[in-house]
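Below, read A as the first sequence line, B as the second, and so on, with proteins coming before strands; counting in each chain starts at 1. Since the structure is predicted, the reported quantities are computational estimates derived from the model, not experimental observations.
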There are 2 protein chains.
Amino acid sequence: MGKGAETRERILDIAQASVLAKGFGATSIDEIIAEAGITKSGFFYHFKDKNELAREMLRRFIDENDRVFDEIFSRGRELSDDPLQALLISLKLLAEVLRDAQTQHPGCLVASICYQERLFDREVVDLAKQGTMNWNARFRSHFAEIAAIYPPRGARVEDLADTLACVIDGGIILARLMNDPGRLERQVLNFRSLVGLVFSPDAAASKPLRVASAA
Amino acid sequence: MGKGAETRERILDIAQASVLAKGFGATSIDEIIAEAGITKSGFFYHFKDKNELAREMLRRFIDENDRVFDEIFSRGRELSDDPLQALLISLKLLAEVLRDAQTQHPGCLVASICYQERLFDREVVDLAKQGTMNWNARFRSHFAEIAAIYPPRGARVEDLADTLACVIDGGIILARLMNDPGRLERQVLNFRSLVGLVFSPDAAASKPLRVASAA
DNA sequence: CCAATCGCTGTACCAGCGGTGCAGTTTTTG
DNA sequence: CAAAAACTGCACCGCTGGTACAGCGATTGG
């Protein structure tokens, strides 16, 4: 890596940490260059404006995210031949990864961008959109594969992939707002249980210990 | 309503529309006062700073939200004595309201604030937190009531309330990002199906028409 | 070895933003 | 009719993203 690329990466690292901690709008260029030990001219040599910074950050973030997810879901496949079991394993791994990642930086750039749409240009928004579509497609095909074996009950399989995206994005918001990192993990695990319920071969799979109360 | 309160409300209306459309950071005071037909001094006569504007906006928003939700969930109770049926009815109504409200204002202020935390002071964040806690408490007690009659299967009842919040917040993000308003409604309806599954008195309740495929 | 490119620095400047201070004026109301 | 409320007008501040451009040392391909 040449010296230029090195500085560029350093800028992106600093910016990403700041954006995830306090949002894009609250992250000033002056702040970034101070921490990076460069001048304003130096910054604009690498990025023509703040939009380009956002775009490159998002690209990196999505790539890294895809890498982690690929690992999690191929690991699930490794550990079980059954697609349902594989998914349930992967969801457990996902919950753990999200729990641990939270101490590092508890935010989702995509959602952050979504809520400040007008600050960004089309390219940035499209990138966020594409990233979300890719990751939903992954789940949709996984669910379709499972549904071919275990007839789903109750829920619409096509919407389950979106539900997972919602649970993660919503979980991040909840965990942040409530200052309770465990909430995100619990939500993913709860989703996992629901998936198990939807595709359970028979109702007996999770028969509860009959509650001795009303009705 | 005196003239002062009238102007104040007008400012809040304009600000809210702008914030929901393009985010808090992208909403400038100059813009608001231009549309309201007042001067900058006039604005600061009503609100000492942008934080106070955010706070009052949020207060109004949460109150209005609570009002709508109260109506939806009391309507559910009216239409059925059974708490599970009441909730399922309410969730259908909720899905419809969210679908229709989206053309009006397609955002959730609370999440918007969460993602720009550092722009706001403690008071604003606490207000958002309190609002979310109140609305989750509502669902938690509703679910507890149902669980006392219908033993839940699979999912943890304590987390289901959070899941609904996640589905709504996440659904808003997804609908915005994908420019597909229907997604939010589908997600709430899907959640409704999952609730039905968790609390269904017996497995037969939603037996699917057996798929003639693999396995 | 030298010239060109790379990777910056330094300086000067711009408009828009949130915000302050304060004196003065109109409008409302008890 | 006077006091209080609801503003206006203007000057000014620091920070922000962003532009323009001249220059300078290190690296590198011909």
Side-chain angles (χ1 to χ4, degrees), chain A residues 1-19 21-58 112-113 115-125, chain B residues 1-19 21-58 112-113 115-125:
Chain A
M1 187 156 64
K3 205 196 166 202
E6 220 171 88
T7 306
R8 206 184 147 86
E9 285 300 302
R10 206 167 70 248
I11 294 172
L12 286 170
D13 286 341
I14 293 165
Q16 184 165 322
S18 178
V19 168
K22 49 185 198 175
F24 191 78
T27 299
S28 79
I29 294 174
D30 282 354
E31 214 180 289
I32 295 169
I33 64 177
E35 202 178 328
I38 55 168
T39 62
K40 214 171 181 180
S41 313
F43 175 87
F44 283 108
Y45 172 78
H46 288 286
F47 305 95
K48 75 168 214 271
D49 57 21
K50 231 187 163 189
N51 261 307
E52 196 170 302
L53 176 69
R55 202 158 53 233
E56 295 309 309
M57 245 173 61
L58 194 53
S112 162
I113 279 165
Y115 269 108
Q116 310 178 25
E117 226 176 290
R118 293 295 161 91
L119 256 69
F120 302 103
D121 57 17
R122 284 282 297 156
E123 256 181 285
V124 175
V125 177
Chain B
M1 188 158 62
K3 206 198 166 203
E6 219 171 89
T7 306
R8 207 184 147 86
E9 286 298 302
R10 206 167 70 250
I11 293 172
L12 286 170
D13 286 341
I14 293 166
Q16 184 165 322
S18 179
V19 168
K22 49 186 198 175
F24 191 77
T27 299
S28 79
I29 295 175
D30 282 353
E31 214 179 291
I32 295 169
I33 64 176
E35 202 178 328
I38 54 167
T39 61
K40 215 170 181 179
S41 312
F43 175 88
F44 284 107
Y45 172 77
H46 288 287
F47 305 95
K48 77 167 212 269
D49 57 22
K50 231 188 162 188
N51 261 309
E52 195 169 304
L53 176 69
R55 203 160 51 234
E56 294 310 308
M57 246 174 61
L58 194 54
S112 162
I113 279 165
Y115 270 108
Q116 308 177 28
E117 227 176 289
R118 293 294 162 92
L119 258 68
F120 303 102
D121 58 18
R122 284 283 295 155
E123 256 181 285
V124 176
V125 177

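Between A/Glu31 and A/Phe44, the residue whose closest nucleotide on DNA chain D is further toward the 5' end is A/Glu31. Residue A/Ser28 is the one, among A/Ser28 and A/Ser41, whose nearest nucleotide of DNA chain D lies closer to the 5' end (criterion: closest heavy atom).
Here A/Tyr45 does not reach the OP1 or OP2 of C/dC8: none of its side-chain N or O atoms lies under 4.0 Å away. Side-chain N/O atoms of B/His46 include one lying less than 4.0 angstrom from OP1 or OP2 on D/dC7. Note on A/Thr7: every side-chain N or O is 4.0 Å or more away from OP1 and OP2 of C/dG7.
For A/Asp49 and C/dG16, the CG to C1' distance is 16 Å, given to the nearest whole Å. Look at CG on B/Leu119: it is 13 Å from C1' on D/dC15, rounded to the nearest Å. Rounding to whole angstrom units, CD1 of residue B/Ile38 and C1' of C/dT27 are separated by 16 Å. The CD-P distance, from A/Glu6 to C/dC6, rounds to 18 Å in whole Å. Atom NZ in A/Lys3 sits about 8 Å away from atom P in D/dT27, given to the nearest Å. Rounded to whole Å, the distance from CG on B/Asn51 to P on C/dG19 is 7 Å. One atom, CZ of A/Phe47, and another, C1' of D/dG17, lie 15 Å apart when rounded to the nearest Å. Computed from coordinates, the A/Phe43 CZ to D/dT19 P distance equals 11 Å when rounded to whole Å.
Counting only distance, with no hydrogens or angles, the side chain of A/Asp13 and the backbone of A/Gln16 share no donor-acceptor pair below 3.5 Å.
The residue B/Gly42 sits close to a base: some heavy atom pair falls under 4.0 Å.
For A/Lys40 against D/dG18, a side-chain N or O and a base N or O form a donor-acceptor pair under 3.5 Å.
Considering CG of A/Asp30 and NZ of A/Lys40, their distance stands at 5.0 Å, rounded to 0.5 Å. For the atom pair B/Ile11 CD1 and B/Met57 CE, the distance stands at 12.5 Å (nearest 0.5 Å). Here the straight-line distance linking atom OG1 of A/Thr27 with atom CG of A/Leu53 works out to 9.0 Å at 0.5 Å rounding.
Using the six-membered ring where Trp is involved, A/Tyr115 and B/Tyr115 have ring planes that are parallel, under 30° apart on the 30 and 60° scheme.
The side chain of A/Ile29 sits closest to D/dG17 out of C/dC17, C/dG10, D/dG17. Picking from C/dG18, C/dT9, D/dG18 the nucleotide with the shortest atom distance to the side chain of A/Thr39 gives C/dT9.
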